[in-house]
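What follows is a set of notes on a single structure, which appears directly below.
Chain A is the first sequence line, chain B the second, and so forth, proteins listed ahead of strands; every chain is numbered from 1.
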There are 2 protein chains.
Amino acid sequence: MLSDVMEDYLKAIYVIESESGPPVATSEIAERVDKTAPTVTSMLETLEDRGMVTREKYKGTELTAEGRTVAIEVIRHHRLLETYLAEHLDYSWDEVHEEADALEHHISEEFERRVAEVLDEPQADPHGDPIPSAELEPPTGGPTVPLSACESGDRIVVARVSDRRDEDLAYLADAGITPGTTISVRDVAPFGMVTVGVGDDEQSLPESVAASIHVTPADHADEANADEVHAGEADSDEVHADEANADEADPDATGAGA
Amino acid sequence: MLSDVMEDYLKAIYVIESESGPPVATSEIAERVDKTAPTVTSMLETLEDRGMVTREKYKGTELTAEGRTVAIEVIRHHRLLETYLAEHLDYSWDEVHEEADALEHHISEEFERRVAEVLDEPQADPHGDPIPSAELEPPTGGPTVPLSACESGDRIVVARVSDRRDEDLAYLADAGITPGTTISVRDVAPFGMVTVGVGDDEQSLPESVAASIHVTPADHADEANADEVHAGEADSDEVHADEANADEADPDATGAGA
DNA sequence: CTTTTGAATTAGACACATCTAATTCTGTTC
DNA sequence: GAACAGAATTAGATGTGTCTAATTCAAAAG
Ligand SMILES: [Mn+2]
Ligand SMILES: [Mn+2]
Ligand SMILES: [Mn+2]
Ligand SMILES: [Mn+2]
């Protein structure tokens, strides 16, 4: 039907649409899928022929309903796999992404069902990203704000951490900053360097890292288990329960990062 | 490095070599991988360039040591996956093959290690085929004979069942004929129809099916658990312990069926 | 030996996914 | 409103994996 390469393009377009809205620029897609612009143009023509996208020449591209469904399906596969690898095959949360990327195009619907069943229909993956339902409606994480937008004194819970750059993830895992962790913002320096307290430790994070951590205000009820900081074991359900009452909307709130 | 298609060719060549010895005919490969002969010729040239096979024009093809290692690696992936699917994701033994075929090219070495670890380095897959070790030495199942070569009155244990044709597998699963099952040969009719007793039931199997069931003589010690016939749950270790003392060599004894 | 015949290879084509280089378009700047 | 800069597309090429049709070969039969 669709090749795995096509699925990757659709996933990329979906993520970009979620972050900045349609129409999506060719160059943006090219950057995500790591291909040249002419390559992307020609693939977009193919995807248009297949009814997956609509486009206006020199303007941009938009997913059709069908293309969006395919993208969501791939994202569901990806996040179920990440969750399964973490919970049943002893992967740490910073190792799951690559393996899931390789497998997401190759599992059967049966496999998807069985994994979802043994995991008991999980709501979020190890990075805190919401897992689309089997019905493939667009997943909506609750509203969150980037840590880089927080102010000194804020007490917050980590909702999601972008799974894009591996070395950041390993660093954060080591620092104990994982979805579900409660942390407090100590200082926001010029150029966005954020200093946070996590448990008894203190960490300074460059702006680029702080921007990839999405948080919600801490419920006071949560402060008791603020030291539940180790490993990628935070209860995903709780994470998203917490997210329900954040104060500010966030363009990335759909949790589109694959 | 090598594409998944190339891996499939190498696996096919390995299986044919195991069954009938090198050199392997182009047409044999074509049949296994379901491609035309010219397609196979051109792929064999590619594989020769990559050092995976040697060939003599118009004569046949042979795996190099490197090509053999790749094939064994793919087979290890396949059989580990089959075993994992059966034991941890509730697949029945007649459902595992297709899923494993799709995933075998896409799992990482890390995934392989972790699956092997949670399964505790299994020795055989759900069809009774031996799983190559992590060191990728050619696996050797013990000697077995096809059921079609047995005689009336023989009392035997099912060692392996070819995983090539799905509908046969489902039928045999239903009839309770799985690796580890002890059965007795009641009658061998003309044209190879074999009638066997399994538990209290009696089954007649056409020659083609009987030929795909490989057996060893029953140890008398085993007759106690002759009714351990349900589901794909027979203990694989026992199966291959049993195989160690069969009487006749079998060209397919390497268990090459993927 | 020569002929036959079936298998294997060569020839030529096509679809897909990719690239670099050249061209064209759009939106912004003067 | 003309010129420019940057983005997107077109043009043209490459590698891979596949096919059908035509040709060549080798092993078996005479
Ligand atoms: Mn699915
Ligand atoms: Mn993720
Ligand atoms: Mn391996
Ligand atoms: Mn098998």
Residue-phosphate contact under 4.0 Å: A/T39 side-chain N/O, C/dA17 OP1/OP2: no
Contact under 4.0 Å: B/K57 side-chain N or O vs C/dT10 OP1/OP2: yes
Sugar-phosphate, base or nothing in reach of B/E56, heavy atoms under 4.0 Å: nothing
Any B/S3 side-chain N or O less than 4.0 Å from OP1/OP2 of D/dG17: yes
Reported CD-to-OG1 distance for the pair A/E121 and A/T83, which is rounded to 0.5 angstrom: 11.0 Å
A/Y9 vs C/dT18: side-chain N/O to OP1/OP2 distance below 4.0 Å: yes
Sugar-phosphate only, base, or nothing, as touched by A/S27 at under 4.0 Å among non-hydrogen atoms: sugar-phosphate
Closest nucleotide among D/dA21, D/dA26, C/dT18 to the A/K35 side chain: C/dT18
Side-chain touch A/L81/A/H97, heavy atoms, less than 4.5 angstrom: no
Phosphate OP1/OP2 of C/dT9 contacted by B/R55 side-chain N/O (<4.0 Å): yes
Out of C/dT10, D/dT9, D/dT18, whichever nucleotide has its closest atom nearest the side chain of A/T26: D/dT9
B/P38 side-chain proximity, nearest of C/dT18, D/dT9, D/dA21: D/dA21
Candidates B/R76, B/R79, B/K11 - the one meeting side-chain hydrogen bond (donor to acceptor under 3.5 Å, both in side chains) with B/E104: B/K11
Sugar-phosphate only, base, or nothing, as touched by B/E28 at under 4.0 Å among non-hydrogen atoms: nothing
OP1 or OP2 of D/dT18 under 4.0 Å from side-chain N/O of B/S42: no
